[in-house]
Visitor: 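The structure follows.
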Amino acid sequence: MTPQLDARLQTAADLVRPGEPVADIGCDHGKLTAVLAASGRYPKVIGADLRPGPLAKAQQTLAKAGLLDRAELRLGDGLTVLQPNEVGTVVVAGVSAQTTIDILSAAPWVMQKGGPRLVMVPATKHPVLRAWLYQNGFSLVRDVPVQAAGRWYAVMAAEYTGECVAADEITLEHCVYGGTANEPGGAEYGAHELAKVKKLRLGLADEDSLAMQIDALTAQNG
């Protein structure tokens, strides 16, 4: 039986480019890998994980779904399991923003025009990942807020354009909200993220640059 996905992983699956190979990096239990394989929309589906334990669970998931012959499992660190241009979409879900950045930074071949779409579901610090994407020449194709297990997530799909934005030109608003305002649930997600920013403000001096940006964002958004 093909496993069911929660809202964040189902949204990630929906953002994968159809008709091209896809890699699920950090596949863990292999549920997303199995659903991608079962869809028949991709000529190759790769599930990869750094540790043997999760990869064994992924193999069990595929076996139960009768999909062992429709997906390939690889053991390895980040994108080292892939050849440049081997896939059309790379999914990185369930790790922190910084870990996502570290994985992508170690594979410079993703930073080229015509490179893979990146579908990311950072577990923490969504604004940090958005800032990195802007600074490194990526454009957010979609930025979808979703709730799963009582938590808000942002499922981001980004593609490389080469148009890097200087750090001092990236506003706090761009980092906190990204493109979520244009998506269903954007208002609720935005309120949740603004509340986290307000908590951060409590530990900052009034003259701190970030504090002033937070004050301006708070005033702007009530």
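As the structure is a prediction and not an experimental result, all values here were calculated from the model.
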Visitor: Look only at the side chain of Thr180 and the backbone of Pro145, and say whether a donor-acceptor pair between them is shorter than 3.5 Å.
Guide: no

Visitor: Thinking salt bridges, do Glu183 and Arg142 make one under a 4.0 Å N-O criterion?
Guide: yes

Visitor: To the nearest 0.5 Å, tell me how far Ile103 CD1 sits from Asp77 CG.
Guide: 7.5 Å

Visitor: Among Thr161, Leu104, Leu118, find the one that has a side chain to side chain contact (heavy atoms under 4.5 Å, CB included) with Phe138.
Guide: Leu118

Visitor: Quick check: closest heavy atoms across Cys27 and Leu55, and the distance to 0.1 Å?
Guide: SG-CD1, 3.9 Å

Visitor: Does NZ in Lys57 sit with more than 12 non-hydrogen atoms of other residues, nucleotides or ligands closer than 6.0 Å?
Guide: no

Visitor: In chain order, what residues pass the side-chain contact (heavy atoms from CB on, under 4.5 Å) check against Gln213, with sequence neighbours excluded?
Guide: Leu172, Ser209

Visitor: Using 0.5 Å steps for rounding, measure from the CD1 atom of Ile25 to the CG atom of Leu32.
Guide: 11.0 Å

Visitor: May I ask you to decide if Ala123's main-chain N or O and Arg151's side chain share a donor-acceptor pair within less than 3.5 Å?
Guide: yes

Visitor: Please check: side-chain N/O of Asp49 versus main-chain N/O of Asp28, any donor-acceptor pairing under 3.5 Å?
Guide: yes

Visitor: Considering all heavy atoms of both residues, which atom of Leu79 and which atom of Ala107 are nearest to each other, and what is their separation?
Guide: CD1-CB, 3.6 Å

Visitor: Is a side-chain N or O of Ser39 found less than 3.5 angstrom from the main chain of Leu36, in a donor-acceptor match?
Guide: yes

Visitor: Mind checking the CD-NZ spacing from Gln4 to Lys31? Nearest 0.5 Å is all I need.
Guide: 9.5 Å

Visitor: Can you tell me if Arg201 uses its side chain to pair, donor with acceptor, with the backbone of Asp215 under 3.5 Å?
Guide: no

Visitor: Where do Glu20 and Val87 land on the side-chain contact (heavy atoms from CB on, under 4.5 Å) test, with the steps shown first?
Guide: CA-CA 7 Å; Glu20 300 179 357; Val87 298; over 6 Å; no

Visitor: Determine, stepwise, if the pair Tyr177 / Leu217 fulfils side-chain contact (heavy atoms from CB on, under 4.5 Å).
Guide: CA-CA 11 Å; Tyr177 301 119; Leu217 186 63; 3.8 Å; yes

Visitor: Taking all heavy atoms of Val35 and all of Pro3, pick out the closest pair and write down the distance.
Guide: CG2-O, 3.4 Å

Visitor: Which residue, Leu194, Asp208, Leu200, forms the side chain to side chain contact (heavy atoms under 4.5 Å, CB included) with Ile214?
Guide: Leu200

Visitor: Has the side chain of Arg17 got a donor or acceptor atom that lies under 3.5 Å from a matching backbone atom of Thr89?
Guide: no

Visitor: More than 12 heavy atoms of other residues, nucleotides or ligands under 6.0 Å from NZ of Lys64: yes or no?
Guide: no

Visitor: Evaluate side-chain contact (heavy atoms from CB on, under 4.5 Å) for Ile46 paired with Glu86, printing each intermediate quantity in order.
Guide: CA-CA 10 Å; Ile46 300 166; Glu86 185 177 4; 3.8 Å; yes

Visitor: Supply the atom-to-atom distance His126 NE2 to Glu193 CD, rounded to the nearest 0.5 angstrom.
Guide: 5.5 Å

Visitor: Atom NE2 of residue position His174 - does it have more than 12 heavy atoms of other residues, nucleotides or ligands inside 6.0 Å?
Guide: no

Visitor: If I compare all heavy atoms of Val119 with all of Val16, which pair ends up nearest, and what's the gap?
Guide: CG2-N, 4.5 Å

Visitor: Evaluate side-chain contact (heavy atoms from CB on, under 4.5 Å) for Trp132 paired with Thr100, printing each intermediate quantity in order.
Guide: CA-CA 10 Å; Trp132 183 87; Thr100 303; over 6 Å; no

Visitor: Please tell me whether Met111 and Met156 are part of a single hydrophobic cluster in this structure, the criterion being side-chain heavy atoms less than 4.5 Å apart.
Guide: yes

Visitor: What I want to find out is whether Asp24 reaches Arg74 closely enough, with some N-O distance under 4.0 Å, to be called a salt bridge.
Guide: no

Visitor: Are Leu82 and Leu75 connected into the same hydrophobic cluster when the rule is that any two of I, L, V, M, F, W, Y join if their side-chain heavy atoms are below 4.5 Å apart?
Guide: no

Visitor: Please give me the minimum heavy-atom distance between Pro122 and Ala154, naming the atom from each residue.
Guide: CD-O, 3.4 Å

Visitor: Does any donor atom in the side chain of Asn85 or Gln112 lie under 3.5 Å from an acceptor atom in the other side chain?
Guide: yes

Visitor: Hey, could you give me the OH/OG distance between Tyr134 and Ser139, rounded to the nearest 0.5 Å?
Guide: 8.5 Å

Visitor: Taking Arg8 for its side chain and Tyr153 for its backbone only, find out whether a donor-acceptor pair lies under 3.5 Å.
Guide: no

Visitor: Report yes if some heavy atom in the side chain of Gln98 is under 4.5 Å from a heavy atom in the side chain of Lys125; otherwise report no.
Guide: no

Visitor: With sequence neighbours excluded, tell me which residues meet ring pair (Phe, Tyr, Trp, His ring centres under 6.0 Å) with Tyr42.
Guide: none

Visitor: Membership question, hydrophobic clusters at under 4.5 Å side-chain separation (ILVMFWY): are Val155 and Val90 in the same one?
Guide: no

Visitor: Thr124 and Ser96: which non-hydrogen atoms are nearest, and at how many Å?
Guide: OG1-CB, 3.4 Å

Visitor: Would Trp152 end up clustered with Val197 when hydrophobic side chains under 4.5 Å apart are linked, directly or stepwise?
Guide: no

Visitor: In terms of hydrophobic clusters joined by side-chain contacts under 4.5 Å, are Val146 and Val91 together?
Guide: yes

Visitor: Mind checking the OG1-CG spacing from Thr11 to Asp14? Nearest 0.5 Å is all I need.
Guide: 6.0 Å

